[in-house]
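When reading the values below, keep in mind they use all heavy atoms of this one structure, side chains included, and skip hydrogens, waters and symmetry mates.
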Amino acid sequence: MAEQHAQMSDGEIKKLDAGKGQVTIKHGPLHNLGMGAMTMTFRADGAMLKNHKPGDKVRFLAEDRDGKLTVTSMEAAQ
């Protein structure tokens, strides 16, 4: 778990749709995916999104799942 937490990236939720399972995040580098900072839309489990809203600062982990970038873990930023 500590290794997963170390790979988490900082971001700010810009838009989300729990019903569609999509979240748009303005984020810093995604080290585990070799991607730079940008704003992009990810897939995410709707239940994970229910406690978040646009403007929330978060730490998250995204993975490539069958060619679709998917948020697999998200928590409020401290």
Side-chain angles (χ1 to χ4, degrees):
M1 183 72 171
E3 180 179 325
Q4 176 180 328
H5 193 270
Q7 291 187 6
M8 293 180 92
S9 300
D10 293 313
E12 178 183 348
I13 295 176
K14 292 299 189 180
K15 187 167 89 174
L16 63 82
D17 186 331
K20 290 184 179 178
Q22 295 181 331
V23 60
T24 301
I25 303 174
K26 179 180 179 182
H27 60 79
L30 303 180
H31 300 292
N32 65 315
L33 295 172
M35 298 177 74
M38 66 183 85
T39 300
M40 61 188 301
T41 301
F42 298 88
R43 294 179 64 181
D45 181 81
M48 182 189 312
L49 300 177
K50 287 185 179 183
N51 296 322
H52 298 284
K53 64 186 181 313
D56 283 357
K57 305 276 194 220
V58 294
R59 289 186 49 77
F60 70 101
L61 183 64
E63 298 176 4
D64 185 336
R65 295 224 170 136
D66 300 320
K68 297 187 185 338
L69 295 180
T70 304
V71 174
T72 57
S73 177
M74 185 185 313
E75 62 187 37
Q78 299 298 326

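Looking at every heavy atom in both residues, K14 comes nearest to P54 through O-CB, 3.7 Å. A62 and F42 get closest at one heavy-atom pair: CB-CE2, 3.7 Å. Across all non-hydrogen atoms, the minimal contact from T70 to K68 is OG1-O, 3.1 Å. When every heavy atom of I25 is checked against every heavy atom of M74, the shortest pair comes out as CD1-CE, 4.4 Å. Between H31 and S9, the shortest heavy-atom contact is N-OG, 4.4 Å. Of all non-hydrogen atoms in D17 and L49, the two that sit nearest each other are O-CD1, 4.2 Å.
A side chain to side chain donor-acceptor pair (under 3.5 Å) check over residues 38-53, counting only residues at least two apart or in different chains, returns the pairs T24-T41, K53-D56.
Two different hydrophobic clusters hold L61 and L69 under the rule that ILVMFWY side chains link at heavy-atom gaps under 4.5 Å.
Here the options are Q7, M8, M48, the test is side-chain contact (heavy atoms from CB on, under 4.5 Å), and the partner is S73; only M8 passes.
If you take CD on E63 and OG1 on T72, they are separated by 4.0 Å, rounding to the nearest 0.5 Å.
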Run the numbers on E75 and R59 for side chain to side chain contact (heavy atoms under 4.5 Å, CB included), then give the verdict.
CA-CA 5 Å; E75 62 187 37; R59 289 186 49 77; 4.0 Å; yes
